[in-house]
Amino acid sequence: MRMILAVAAVLYSASAFAQTDKPPMVGDAPLVQVKPKGTKAAAAAATPAPKGKPQSIAARLQACLDLDDGTKDRLNCYDAIIPPAPKPKPAKAKGYADCRFIKEEDERLACFNGFAESIPKLPKT
């Protein structure tokens, strides 16, 4: 019985000493936790935060029209807004969101161009 009490006293005192107000120290500097690479900080650096109000999809599609027509850059702009999800036999596109199902890049670009050009220009406020 005395042995059990002695072990319990040692364990409780050890846990009491482990609870300190100071952070653990390595030499004279506090211990630092290292975060893994490729976290939210890297994702935030890759896509800059929009200034002001967030733009609608229509406004972002119209912004892609400023790039040269028929170029890979314009298609990349559209694909950044609506990521492609090609299907083997897509149906005829009824809206700009359906353009993502077209597998051929030239056809997808023509589809996006057609819808982006038909969107009425929004007033800039």
Side-chain angles (χ1 to χ4, degrees):
M1 184 68 165
R2 287 184 191 170
M3 187 61 125
I4 294 174
L5 284 170
V7 171
V10 168
L11 289 177
Y12 282 122
S13 64
S15 64
F17 284 123
Q19 298 175 4
T20 61
D21 293 332
K22 297 180 185 176
M25 303 289 277
V26 177
D28 294 337
L31 182 64
V32 179
Q33 292 183 348
V34 179
K35 295 179 183 175
K37 293 182 180 178
T39 57
K40 292 180 184 178
T47 57
K51 296 177 182 175
K53 282 176 46 176
Q55 292 182 334
S56 67
I57 291 178
R60 291 187 285 169
L61 287 173
Q62 287 177 340
C64 293
L65 292 174
D66 295 339
L67 299 172
D68 292 333
D69 188 23
T71 61
K72 181 76 172 163
D73 290 337
R74 186 183 278 194
L75 182 62
N76 290 340
C77 180
Y78 289 137
D79 287 344
I81 298 167
I82 301 171
K87 290 185 176 179
K89 293 185 179 181
K92 187 173 184 297
K94 295 180 182 175
Y96 59 84
D98 295 337
C99 295
R100 66 183 170 151
F101 298 125
I102 299 174
K103 185 175 183 179
E104 182 62 36
E105 289 183 353
D106 292 334
E107 292 175 18
R108 192 167 70 239
L109 180 61
C111 179
F112 277 125
N113 281 339
F115 285 110
E117 290 169 356
S118 68
I119 297 171
K121 295 285 182 187
L122 302 172
K124 295 183 180 183
T125 56

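The model shown is predicted, which means the values in this text are computed figures rather than measured ones. FYI, the numbering just counts along the sequence from 1.
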Novice: Can you tell me how far apart CG (Asp106) and SG (Cys111) are? Round to the nearest 0.5 Å.
Specialist: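 The distance works out to 13.0 Å.
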Novice: Which distance, rounded to the nearest 0.5 Å, do you find between the CG of Asp66 and the SG of Cys77?
Specialist: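 Between Asp66 CG and Cys77 SG, I get 9.0 Å after rounding to 0.5 Å.
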Novice: Search all heavy atoms of Asp69 against all heavy atoms of Arg74 and return the closest pair with its distance.
Specialist: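 So the minimum-distance heavy-atom pair works out to OD1-NH1, 3.2 Å.
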Novice: Ignoring hydrogens, what is the shortest heavy-atom contact between Arg108 and Cys99? Give both atom names and the distance.
Specialist: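 The answer is CG-O, 3.2 Å.
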Novice: Where is the tightest heavy-atom contact between Asp73 and Leu67, given as atom of each residue plus distance?
Specialist: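 Smallest interatomic distance, heavy atoms only, reads O-CD1, 3.6 Å.
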Novice: Which pair of non-hydrogen atoms, one from Pro90 and one from Ile102, has the smallest distance, and what is that distance?
Specialist: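 Heavy atoms of Pro90 and Ile102 come nearest at CG-CA, 4.1 Å.
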Novice: Say you draw a straight line from CG of Leu5 to CZ of Arg2; how long is it, rounded to the nearest 0.5 Å?
Specialist: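 Those atoms lie 9.5 Å apart.
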Novice: Using the side-chain contact (heavy atoms from CB on, under 4.5 Å) rule, take Phe115 and Leu61 through it: C-alpha gap first, then chi angles, then the decisive distance, then the call.
Specialist: CA-CA 9 Å; Phe115 285 110; Leu61 287 173; over 6 Å; no
Novice: Considering residues, nucleotides and ligands other than Ile4, do more than 12 of their heavy atoms fall under 6.0 Å from its CD1?
Specialist: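 Atom CD1 in Ile4 is not packed in, count stays at 12 or less.
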Novice: Using a 4.5 Å cut-off on heavy atoms from C-beta on, say whether the side chain of Ile57 contacts that of Arg60.
Specialist: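 The answer is yes; the side chains approach within 4.5 Å.
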Novice: Can you confirm whether or not the ring centre of Phe112 sits under 6.0 Å from the ring centre of Tyr78?
Specialist: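 Distance test on ring centres: under 6.0 Å, yes.
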Novice: Roughly how far apart are Leu109 CG and Thr71 OG1, rounded to 0.5 Å?
Specialist: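 Between Leu109 CG and Thr71 OG1, I get 7.0 Å after rounding to 0.5 Å.
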Novice: Rounded to the nearest 0.5 Å, what separation is found between the CD1 atom of Ile82 and the SG atom of Cys64?
Specialist: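 Answer rounded to 0.5 Å: 9.0 Å.
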Novice: So which atom in Ala116 and which in Leu65 form the shortest heavy-atom distance, rounded to 0.1 Å?
Specialist: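 Shortest heavy-atom contact: O-CD1, 3.7 Å.
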Novice: Drop me the distance from Asp98's CG to Lys87's NZ, to the nearest 0.5 angstrom.
Specialist: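 Separation between the atoms: 8.5 Å.
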